[in-house]
Peer 1: 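The structure under discussion is supplied below as C-alpha cells; questions concerning it will follow.
Both ligands and their constituent atoms are indexed starting at 1 by order of listing.
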Amino acid sequence: MFKRANGNVTPERSVLFVCLGNICRSPTAEGVFRAAAEHAGIGQQIRVDSAGLSDGHVGYPADRRAIQAAWRRGYDLTAMRGRQVEVADFSRFGWIIAMDDSNMRALTKMKPADFGGHLGLLLDFAPELGIRDIPDPYYGNFEGFERVLDLIEISVAGLLARVQAALAHE
Ligand code: 4NP
C-alpha cells in the first residue's frame, strides 16, 4: 500500500477526502489540495489523504482519465492507491470532506459520537457556486473529469483558507 507522508501530524492538521470509489473524485481532491497546501507553504505541516466508501478499487491506481486530466493541470496522481474509509479515520483526521450527499449520509452513519472534527461537503467551501455535489464522472466522458477539476480547484481554495485559519488559532 502507498505510504503517505506526514503520518504523525495531529488530526487538526489532517484532511481526508472521501468519495465512493477513491479512484476519481477524492484522489483528485487530494492531489489538488496537497498542491495548494504546498503552494501556501504549509505542505510539510499537514497530512492529506483520500479514501472510498466502497471496497471495489482497494489497492488500485486512480482512474486513468482522472490521472490524465489532473496531469494536464500539473497534479500528479500516479502514486495514489485506492483504500476504503474506516472508523479509525475519524480519530486520525479532523477534516473529513465528502464529495456528494450520498457520501455524506454514509459517513454520518459511520461517525463515532465523540468525533470532534469537521465532517462536511467539499462544495460547502464554495457557497457561491450554489451546488452541493461534485458529480460522479465515472460513467461519463472526459469532460466530466474536467468539470470535477474545476469544482475541486475552486472549493479547495476555500477549504485551505479554513484549515489555515484553524491552525492559526492552535
Ligand atoms: P469516485 O468514482 O467515487 O469519484 O472514485 C467512482 C468510481 C467507481 C465507481 C463509482 C464511482 N464504481 O461504481 O465502480
Peer 1: Can you give me the closest heavy-atom contact between Y138 and I23, atom names plus distance?
Peer 2: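 Shortest heavy-atom contact: CE1-CD1, 3.7 Å.
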Peer 1: Is the closest basic N to carboxylate O distance between E143 and R147 below 4.0 Å?
Peer 2: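 Here E143 does not pair with R147 in a salt bridge, since their nearest N and O are not under 4.0 Å apart.
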Peer 1: Any ion pair linking R83 and D89 (charged N to carboxylate O, less than 4.0 Å)?
Peer 2: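 Counted as a salt bridge, because a side-chain N and a carboxylate O are separated by less than 4.0 Å.
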Peer 1: Starting from the N and O atoms of ligand 1, collect every protein N/O partner closer than 3.5 Å and put each pair on its own line with the distance to 0.1 Å.
Peer 2:
| from | atom 1 | to | atom 2 | distance (Å) |
| --- | --- | --- | --- | --- |
| ligand 1 | 2 (O) | D136 | OD1 | 3.3 |
| ligand 1 | 3 (O) | L20 | N | 3.0 |
| ligand 1 | 3 (O) | G21 | N | 2.8 |
| ligand 1 | 3 (O) | R25 | NH2 | 2.9 |
| ligand 1 | 4 (O) | R25 | N | 2.9 |
| ligand 1 | 4 (O) | R25 | NE | 2.7 |
| ligand 1 | 5 (O) | G21 | N | 3.4 |
| ligand 1 | 5 (O) | N22 | N | 3.3 |
| ligand 1 | 5 (O) | I23 | N | 3.0 |
| ligand 1 | 5 (O) | C24 | N | 2.9 |
| ligand 1 | 13 (O) | Y139 | OH | 3.4 |
| ligand 1 | 14 (O) | H57 | NE2 | 3.1 |

Peer 1: Please report the C-alpha distance between L159 and V15 in whole Å, then the side-chain angles of each, then the deciding distance to 0.1 Å, and finally whether the side-chain contact (heavy atoms from CB on, under 4.5 Å) criterion is met.
Peer 2: CA-CA 10 Å; L159 170 59; V15 182; 4.2 Å; yes
Peer 1: Salt bridge or not between R73 and D150? Use side-chain N to carboxylate O under 4.0 Å.
Peer 2: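 Salt bridge present between R73 and D150.
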Peer 1: Hey, does the Lys NZ or Arg CZ of R25 hover above the aromatic six-ring of F17, less than 6.0 Å from the centre and inside 45° of the axis?
Peer 2: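 Ring-cation test returns no.
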